[in-house]
Number of protein chains: 2
Amino acid sequence: MSEDTKVQGTRERLVSTAADLFGRQGLSATGIKQILAGSKAQFSSLYHHFPGGKDQLAAEAIRTAGLGYQQFVEEIWDGAGDLLAGVRSIFDGAAYVLEATDYADACPIATIALEVASTNEDLRLATAEVFESWNRAATVRFVAGGITPSVARELAVALIALLEGAFVLSRAAKSPESMLVAGKTAVAMVERALALVEPHGG
Amino acid sequence: MSEDTKVQGTRERLVSTAADLFGRQGLSATGIKQILAGSKAQFSSLYHHFPGGKDQLAAEAIRTAGLGYQQFVEEIWDGAGDLLAGVRSIFDGAAYVLEATDYADACPIATIALEVASTNEDLRLATAEVFESWNRAATVRFVAGGITPSVARELAVALIALLEGAFVLSRAAKSPESMLVAGKTAVAMVERALALVEPHGG
DNA sequence: GTCTATAGAAGGATAGAC
DNA sequence: GTCTATCCTTCTATAGAC
């Protein structure tokens with residue numbers, strides 16, 4: 001009867017519900033009661049699992065959702081034929097999810113990141129660590145594709161910036177245009193870098 | 001003794017203070033009392049000028065700050081030698097402002113845009129209109145540079161996506177890296193488009 | 001570990017004197 | 001138009017019975 005025998009314990013449901021709500025409407029706009037209702041949990045459960053209250057829950061939601069999104073993207077990347085097809089799939093997939101969820105599901109941590117950047121140092125660090133983890137993962141893939149480490153890092157940063165910016169613009173406009181254009185741009189960028197690796201055709 | 005004889009009336013101070021706070025910590029995290037304190041105004045002033053309360057003030061703050069940032073960027077662009085130098089200056093300027101303000105001053109409406117995208121249709125539309133206005137202004141400049149309208153539109157979208165995404169990443173990391181890389185990427189993008197316009201050297 | 005009840009502060013908004 | 005005081009709700013967090 002230990003906790004890990006449960007399919008999804010109260011603690012996991014709290015983190016998952018919190019991450020969803022934080023991603024869609026932000027940290028401050030999401031009340032603890034709303035999280036409890038969505039998790040079908042009680043006050044006592046929350047403060048039992050997270051003595052630090054909302055902030056501790058938020059820190060864990062950021063890390064869990066950030067890692068979850070990274071894994072989601074890496075699976076898409078692995079499923080694609082090559083580096084370039086992977087980049088294309090990431091942006092196409094993001095555009096698809098945006099439309100399918102009426103532009104509610106986007107980057108799980110961007111809203112929190114902007115909210116806390118100047119107001120909560122612990123949470124800011126949590127978001128920074130997530131983005132840095134994404135950067136490292138993308139850089140590794142570009143290096144594996146034969147691109148030099150410094151260029152690979154720049155490609156990774158640019159790719160993530162394009163993705164994050166397109167999330168903002170697409171959600172605001174309720175249109176996939178920005179995400180599709182961002183994808184086209186990212187693909188062109190990576191294509192150019194790869195062309196420098198193998199200037200000889202085929 | 002009409003309102004416009006004053007240097008900056010209560011109404012203007014309210015909008016300006018609100019825009020600043022919304023941009024730095026978000027809409028939900030910013031209380032009306034905090035806005036009043038920052039504006040040295042009273043409750044009655046706020047509800048006199050904005051019968052619709054916080055939402056009406058937010059809508060006006062979004063439009064005013066959005067237009068203000070557009071003018072700020074357009075002045076930078078005008079001050080630069082050419083199209084390409086303008087793009088470079090925008091990102092360098094953004095990186096400079098980020099560092100100078102300890103990563104507090106970034107896009108004035110991105111935080112709100114993400115907060116309200118799925119929760120407040122009026123405010124979502126206000127943010128969408130601002131971004132569309134930026135898009136049009138940038139597109140016009142690229143077209144004036146000889147780029148075809150459809151490519152110009154894509155360049156504008158990509159430029160703004162890079163800028164917005166870099167704001168998120170740079171604020172989270174408290175580092176200018178993302179903004180500088182985004183600028184480099186934007187410059188390369190525009191360079192390539194211009195090269196197709198005048199393939200002959202000089 | 002789970003429930004109810006409630007404290008204590010902060011939120012948005014309004015009333016009414018001046 | 002400006003000031004003070006206040007209403008009502010919501011928020012986070014805790015207490016205490018079981």
Side-chain angles (χ1 to χ4, degrees), chain A residues 1-15 17-22 24-62 111-112 115-116 119-123 126, chain B residues 1-22 24-62 111-112 115-116 119-123:
Chain A
M1 277 308 227
S2 70
E3 268 196 32
D4 37 340
T5 61
K6 294 179 188 170
V7 178
Q8 195 187 29
T10 302
R11 187 190 163 88
E12 285 72 26
R13 286 205 315 279
L14 284 168
V15 173
T17 303
D20 281 354
L21 292 170
F22 291 160
R24 291 182 194 191
Q25 59 191 20
L27 177 68
S28 296
T30 302
I32 288 202
K33 288 175 184 170
Q34 192 180 6
I35 296 170
L36 292 175
S39 312
K40 285 169 186 161
Q42 306 293 331
F43 268 89
S44 47
S45 300
L46 194 156
Y47 287 95
H48 171 71
H49 292 295
F50 304 94
K54 191 184 188 181
D55 280 359
Q56 189 185 349
L57 175 60
E60 187 149 331
I62 289 167
T111 313
I112 300 190
E115 283 183 281
V116 304
T119 58
N120 186 318
E121 187 64 6
D122 283 352
L123 296 184
Chain B
M1 277 307 226
S2 69
E3 268 196 33
D4 36 341
T5 61
K6 294 178 188 171
V7 177
Q8 196 188 30
T10 302
R11 188 190 164 89
E12 284 72 25
R13 285 206 316 280
L14 284 168
V15 173
S16 163
T17 304
D20 282 354
L21 292 170
F22 291 159
R24 290 182 196 192
Q25 59 192 20
L27 177 68
S28 296
T30 303
I32 287 202
K33 289 170 185 171
Q34 191 181 6
I35 296 170
L36 292 175
S39 313
K40 284 167 186 163
Q42 306 293 331
F43 269 89
S44 48
S45 300
L46 195 156
Y47 288 95
H48 171 71
H49 292 294
F50 304 94
K54 191 183 188 181
D55 280 358
Q56 188 186 350
L57 175 60
E60 187 149 331
I62 289 167
T111 313
I112 301 190
E115 283 183 280
V116 304
T119 58
N120 187 319
E121 188 63 6
D122 282 352
L123 296 184

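Residue numbers begin at 1 in each chain, while the letters A, B, ... track the order of the sequences. All values derive from a computational prediction rather than experimental measurement.
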Engineer: Whole-Å distance between dG11(C) P and Leu21(B) CG?
Structural biologist: 12 Å
Engineer: Exactly one of Leu21(A), Val15(A), Asp20(A) should register a side chain to side chain contact (heavy atoms under 4.5 Å, CB included) with Thr17(A). Which one does?
Structural biologist: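 It is Leu21(A); the other options fail the test.
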Engineer: Check whether any side-chain N or O of Lys54(A) sits under 3.5 Å from a backbone N or O of Thr30(A) as a donor-acceptor pair, and report yes or no.
Structural biologist: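 Checking the backbone N and O of Thr30(A) against the side chain of Lys54(A), a donor-acceptor pair under 3.5 Å is found.
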Engineer: What integer distance in Å separates Leu36(A):CG from dT2(C):P?
Structural biologist: 12 Å
Engineer: Does a side-chain heavy-atom distance below 4.5 Å link Leu57(B) with Ile32(B)?
Structural biologist: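 Not touching, per the 4.5 Å side-chain cut-off.
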Engineer: Encode nucleotides 11-18 of chain D as B, S and - characters from 5' to 3', where the letter depends on protein heavy atoms closer than 4.0 Å: B to the base, S only to sugar-phosphate, - to neither.
Structural biologist: BBBB----
Engineer: Would the distance check show the side chain of Glu12(B) and the main-chain N or O of Gly9(B) forming a donor-acceptor pair, the cut-off being under 3.5 Å?
Structural biologist: yes
Engineer: What is the separation between atom CG on Leu14(B) and atom P on dG1(D), rounded to the nearest whole Å?
Structural biologist: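 Result: 13 Å.
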Engineer: Kindly compute the distance separating CZ (Arg11(B)) from OG (Ser16(B)), expressed to the nearest 0.5 Å.
Structural biologist: 13.0 Å
Engineer: Working note: His49(B) + Glu60(B), criterion side chain to side chain contact (heavy atoms under 4.5 Å, CB included); need CA distance, chi angles, decisive distance, verdict.
Structural biologist: CA-CA 11 Å; His49(B) 292 294; Glu60(B) 187 149 331; over 6 Å; no
Engineer: For a quick test of reading the model: is some side-chain N or O of Gln42(A) closer than 4.0 Å to OP1 or OP2 of dT2(C)?
Structural biologist: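 Gln42(A) to dT2(C) OP1/OP2: no side-chain N or O under 4.0 Å.
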Engineer: For the pair Glu115(A) (side chain) and Gly26(A) (backbone), establish whether a donor and an acceptor sit closer than 3.5 Å, ignoring hydrogens and angles.
Structural biologist: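 Judged by distance alone, no pair lies under 3.5 Å.
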Engineer: Which whole-number value in Å describes the distance from Lys40(A) NZ to dT2(C) P?
Structural biologist: 16 Å
Engineer: To the nearest 0.5 Å, tell me how far Ile62(A) CD1 sits from Ile112(A) CD1.
Structural biologist: 4.5 Å
Engineer: Between C1' on dA10(C) and CD on Gln34(B), what's the gap in Å once rounded to a whole number?
Structural biologist: 12 Å
Engineer: Angle, rounded to 10°, between the helical axes spanning five pairs at each terminus of the helix from dG1(C)-dC18(D) to dC18(C)-dG1(D)?
Structural biologist: 10°
Engineer: Expressed in angstrom and rounded to an integer, what is the separation of Leu57(B) atom CG from dG12(C) atom C1'?
Structural biologist: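 Rounding to the nearest Å, CG of Leu57(B) and C1' of dG12(C) are 12 Å apart.
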